[in-house]
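Report on the following structure.
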Amino acid sequence: MEHKGAALVDRPTWIAAGETLSGGMRVLLTPAGERFRKMRKALHAHLSPSVVQTYGSVLMSNAHTHILDILDSPEIHQEHAKRYAASVVMALAYGEKAGGHDDPDVQAVNRCFNRLGVDLRLGLSKVDVFPLLRYVPGYLDKLCEGHCQELVLFKKYLGIVREQMVRLTNATISLFRIVPPLPASSPSQIPRPPTSPVPSLAQAPTACYPDAARKVQDEIDRVTDSE
């Protein structure tokens, strides 16, 4: 696949999740072309191995908050995991520190990701099977409404980044500092898989079997060459 990247770079057309909900501006669902190349270039500039190492403070700070949240209220550990995932995305994309799991913006970010995950389910939207349905009045209204909600949320944060750039302040890490013309309707300009359930699934066995957890950590350290 490494040698056939040009042949595999394209994506199928997703009318519901890609063109309507995302407005054609999610790199995950963008077909091959000039727009996709610009998005990929911007992502590569901020996700290269040398640059990723500079994100350590952001990840460690959010991980520290995540552990304290669990100790404070373990009964809603899944909500804390969602807060962690949303907070990392907001910090890396816009340089903004998120609040707790009940923060309105954290909840809005997670609603966006949940909505996308639902609409990506094969066969859920018949418009991807019968494209003529896109011309039926009202058929795509719910998806259009979701797109508008995303635009309002993430343009708000893009505006904050632009104000910081105008004031020539040292804004924290942000994808849009280097390539501001990129469309900012979605936080998914940063590839973000649905990782929020992963901490919840990993924490329980780690707490129950610490010896096994240490062995797993040793293997991870060997693979990542971490000291």
Side-chain angles (χ1 to χ4, degrees), residues 8-43 78-79 81-94 96 98-99 101-162 174-176 179-198:
L8 301 174
V9 71
D10 204 4
R11 284 115 164 113
T13 300
W14 293 79
I15 297 176
E19 296 182 3
T20 308
L21 177 62
S22 305
M25 290 182 276
R26 265 194 173 92
V27 65
L28 175 68
L29 303 173
T30 301
E34 184 63 24
R35 179 190 292 270
F36 175 76
R37 285 192 291 272
K38 287 183 178 180
M39 290 181 176
R40 183 175 62 179
K41 182 178 179 180
L43 289 174
Q78 289 183 323
E79 296 301 316
K82 293 177 182 178
R83 186 219 68 84
Y84 170 81
S87 180
V88 169
V89 169
M90 293 169 67
L92 295 182
Y94 304 101
E96 288 296 311
H101 72 277
D102 54 351
D103 182 276
D105 286 344
V106 170
Q107 293 179 345
V109 170
N110 280 315
R111 280 197 299 271
C112 291
F113 289 128
N114 292 337
R115 186 187 299 117
L116 176 65
V118 169
D119 290 322
L120 281 175
R121 291 164 55 188
L122 291 175
L124 179 67
S125 180
K126 298 304 180 184
V127 71
D128 291 317
V129 181
F130 306 104
L132 286 176
L133 290 175
R134 69 194 306 175
Y135 302 109
V136 175
Y139 188 82
L140 297 176
D141 282 357
K142 187 175 180 179
L143 292 172
C144 291
E145 181 182 353
H147 177 59
C148 291
Q149 292 174 1
E150 291 187 2
L151 283 176
V152 171
L153 176 63
F154 298 110
K155 281 188 175 180
K156 164 189 169 183
Y157 279 99
L158 181 57
I160 293 174
V161 174
R162 284 175 171 162
S174 168
L175 260 182
F176 303 106
V179 192
L182 277 178
S185 66
S186 159
S188 290
Q189 309 304 350
I190 290 183
R192 189 259 195 186
T195 55
S196 53
V198 174

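Between Lys82 and Phe113, the closest side-chain pair of non-hydrogen atoms is not below 4.5 Å. You'll find the side chain of Asp119 stays beyond 4.5 Å of the side chain of Ser125, heavy atoms only. Using a 4.5 Å heavy-atom threshold, the side chains of Asp10 and Phe36 count as separate. Looking at heavy atoms from C-beta onward, Glu19 lies in side-chain contact with Thr13 at the 4.5 angstrom threshold. Residues Met25 and Arg35 have side chains in contact (heavy-atom distance under 4.5 Å, counting atoms from C-beta outward).
Nearest heavy atoms, Trp14 versus Asp128: C-OD1, 3.6 Å. Counting all heavy atoms, side chain and backbone alike, Thr30 lies closest to Gly24 at OG1-O, 3.9 Å. Minimum heavy-atom separation, Val27 to Arg11: O-NE, 3.6 Å. Nearest heavy-atom pair across Thr20 and Ile15 is OG1-O, 2.7 Å. Closest approach of Ser22 to Leu29, counting heavy atoms only: OG-CD1, 4.1 Å. Taking each heavy atom of Gly146 and Leu21 in turn, the nearest pair found is C-CD1, 4.0 Å.
Remark: Leu120 CG to Arg26 CZ distance equals 8.0 Å, nearest 0.5 Å. Taken from CG in Leu151 to CG in Leu158, the straight-line distance is 11.0 Å, to the nearest 0.5 Å. To the nearest 0.5 Å, the span separating OG on Ser87 from CG on Asp105 amounts to 11.0 Å. Here the CG atom belonging to Leu153 is positioned 13.0 Å from the SG atom belonging to Cys148, to the nearest 0.5 angstrom. A distance of 8.0 Å separates CD of Gln107 from CD of Glu79, quoted to the nearest 0.5 Å.
Side chains of Arg111 and Gln149: no donor on one and acceptor on the other come within 3.5 Å.
A salt bridge does not link Glu145 with Lys142: every distance from a Lys NZ or Arg NE/NH1/NH2 to an Asp or Glu carboxylate oxygen is 4.0 Å or more.
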